[in-house]
Every structure is written in C-alpha cells, then in structure tokens.
Amino acid sequence: MQGHFESGVAAKQHRTGWFFLLPATLLIVLLSFYPIFEAFLISLKKGSPANLQWQSPLFQNYIRMIQDKQFILSIENTFLYLLVQVPVMLILAILLAQLLNNRDLRFRGLFRTMVFLPCATSLVSYSLIFKSLFATQGLINTIFVNLGIFKENFNFLGTPWSARFVIIFALIWRWTGYNMVFFLAGLQNIEYSVYEAAKIDGANGWQTFWDVTVPLLRPVIVMTFIMSINGTLQLFDESMNLTKGGPANSTITMSHYIYNYSFGKGVGNFGYASALSFIVFIMVAVLAFINLKVGDKRD
C-alpha cells in the first residue's frame, strides 16, 4: 500500500514538472527549432522571397557556397577575429578580474565600473567612435604623427590588415569588461581560505593563479569561451559600421555577407542567405560541443 502511494506521488510530481516545463518547451520549439528547420527548407530553394521554388539540384545553394570565394574570405576574416580576439580578450578579462578581486585594493567599485562601461555603450555608437578615432584625420593619426611614429597620416580603415586590426581592437575594448564580470563572480565564490592555504604551502602568485584559480574557474572559462565564439561567429555590427566590409570586402564577416544577400542587394536572395546561415549555425554548434567536451573534466 505504501509503495503504491509513493509511486502515485512520484507520478503526480512528474506530471506537475512537465506542466511547468511545457510553456518554455513550446516557446523554445516555436522560436528556435522551428525557425532552424524552416531556414533549412528555404536553403533548398531559389527565387525572390515572394516566389520561392525548389532548387534543381536540391543542394545547389550549398554547391554554390563552396565555390563562392567571397564567402570563403568572410569565413577567413571571421576566424581571424575569433583566433586573435577571443583568447586576448578572455586573458585580459581574467587578469582584470583577479586584480579587481583584491580586497585590499582601494576604489574597487570605481575601477570595476570603468572596465565594464564599454559594454554599456551601444554597438552602433562605439563602432562610430572607433571609426572617428582611426580615421585618416582622426585622433590616433594625430597622436602618432605628433610623436614622430608616423611621418604622415595613415589610412587605417583603407588598408586590409590595419582595418582588421581596428575591428579586433574595438572588439577587445567592447567585450573585455563584459567577460570580466563573469570571472569576478566566479572568483568571489572561491573561499579566501584556499588562497591562504596555498600561501602557507609556499606557492607564489603565479602558482596560486595557475594551480588554484584557473582550475576552480574552469566552468566559467568554458561558458565565456562558448559565448565569445558564438558572438564572434555572428559578428556583424563592427564589420557593417566600422568598415562597411571594406576595403574591397577584405574585412567582411559571415553575418555581414549573409545580410548583403538578404537585404543589401535589392531583392533578397533568401535561399542562398539561408544556406549560408545554416552553415554558420553548424559551425557554432560544433565549436560549442568541442568546448563543452574539452572543458568537462568530470569523471
């Protein structure tokens, strides 16, 4: 009798749990999984948005993508930003968090706010600010010429590699404080007695950071890495507002290229743009899965 009662209670709790999960599950399916499925179907079509027809052969958009040199260049640019900006940004973020977590540091709140403030700036505004700073007659050129580093003004945004550098520099400035907040929260959950024990054992500052702080922050590091990869692979605002993808599309990102085919070239080619978007989705999913597997050290 007791066992039957307990099984009945467990079944009721199970149904109640699904009752609370159902609204969120339906929203995720309708707003995430259904659009992904619909985008895949559209990626197999051609024609104007009002008159989409199935491709022949069916995967023609994906075949075209492989032969699209401009899309290949956008992939190279995006992964360049990813490989340079993400590690530098996360290293700076964790070092700043370590520094600003020092309980003996005066004005910690002020310094934390100053580092986080760039994140509160709108994406369009900060892109325009960097565009002005690195313009041919901008502040950076003025400083470098006055210091004698440059003999004459340099066109940062008109040269492919320097334009890519400006985008990377802007990304680091914008997002370092955002990731620092996550690391700071993780550090504040580490008992101070752990550091005292490491100090008693004779560990210096670097050993304490590498052997104590980093392992305890591994879940936060994995999370910020996945978010940064996700954001960088979908990078759009900086490419659009800083360089317009130029010079000669040399700084264009995948999302900017997809936007051009969707809305930037008159009548949108939604079929091809959806195929490009689906590839970006697969890249994000694969890299996130790899990061989760590498970062998961549970036995």
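Start at 1 with the first residue, then count along the sequence.
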Side chains of Leu171 and Leu235 in contact at under 4.5 Å (non-hydrogen atoms): yes
About how many Å separate CZ of Phe71 and CD1 of Ile258, when rounded to the nearest 0.5 Å? 6.0 Å
Given ring-ring contact (aromatic ring centres under 6.0 Å, His included), test Phe37 with Phe40 step by step and report yes or no. CA-CA 5 Å; Phe37 176 72; Phe40 177 70; 7.4 Å; no
Closest approach of Asp211 and Pro215, non-hydrogen atoms and distance? O-CG, 3.4 Å
More than 12 non-hydrogen atoms from neighbouring residues, nucleotides or ligands closer than 6.0 Å to CH2 on Trp210, yes or no? no
Do Tyr178 and Thr224 have side-chain heavy atoms sitting under 4.5 Å apart? no
side-chain hydrogen bond (donor to acceptor under 3.5 Å, both in side chains) with Tyr257: which of Asn249, Asp68, Asn77? Asp68
Looking only at heavy atoms, what is the nearest atom pair of Ile42 and Ser274, with distance? CG2-OG, 3.3 Å
If I compare all heavy atoms of Asn241 with all of Leu128, which pair ends up nearest, and what's the gap? O-CD2, 4.4 Å
Nearest 0.5 Å please: distance from the CG atom of Asn51 over to the NZ atom of Lys46. 10.5 Å
Heavy-atom distance under 4.5 Å between the side chains of Phe236 and Leu123, does that happen here? no
Looking at CG of Leu41 and CH2 of Trp54, how far apart are the two atoms once the value is rounded to the nearest 0.5 Å? 5.0 Å
Could you tell me whether the side chain of Ile63 reaches within less than 4.5 Å of the side chain of Gln60, counting heavy atoms only? yes
Is there a side-chain contact between Phe156 and Trp161 (heavy atoms, below 4.5 Å)? no
Arg108 vs Leu100, side-chain contact (heavy atoms from CB on, under 4.5 Å): CA-CA, chis, key distance, verdict: CA-CA 6 Å; Arg108 285 185 303 167; Leu100 297 178; 5.6 Å; no
Let me confirm one number: the OG-CD1 distance from Ser132 to Ile140, rounded to the nearest 0.5 Å. 11.0 Å
Which of parallel (below 30°), tilted (30 to 60°) and perpendicular (above 60°) describes Phe150 and Phe154? tilted
Can any side-chain N or O of Arg112 pair as donor or acceptor with the backbone N or O of Met180 at less than 3.5 Å? no
Donor-acceptor pair, distance only, cut-off 3.5 Å: does the side chain of Tyr126 make one with the backbone of Glu238? no
Find the distance between CZ (Arg15) and CG (Leu22) and round it off to the nearest 0.5 Å. 14.5 Å
Is it true that, when you exclude Gln188 itself, more than 12 heavy atoms of the residues, nucleotides or ligands shown sit nearer than 6.0 Å to its CD? yes
Can you name the nearest heavy-atom pair linking Ser228 to Asn179, along with the distance? OG-OD1, 3.7 Å
Nearest heavy-atom neighbours spanning Val88 and Ile172: CG1-CD1, 3.7 Å
Just verifying a value: how many Å separate Leu83 CG and Thr232 OG1, rounded to the nearest 0.5 Å? 10.0 Å
How about Tyr81 and Thr251: do any of their side-chain heavy atoms sit closer than 4.5 Å? yes
Can you find a pair of side-chain heavy atoms, one from Met283 and one from Thr78, that are under 4.5 Å apart? no
Flag the pair Ile75 / Met254 as yes when at least one side-chain heavy-atom distance between them is below 4.5 Å, and no otherwise. yes
Determine the minimum heavy-atom distance between His256 and Met240, stating which atoms define it. NE2-SD, 3.3 Å
Under the 3.5 angstrom rule, does the side chain of Asn141 hit a backbone N or O of Thr136 as a donor-acceptor pair? yes
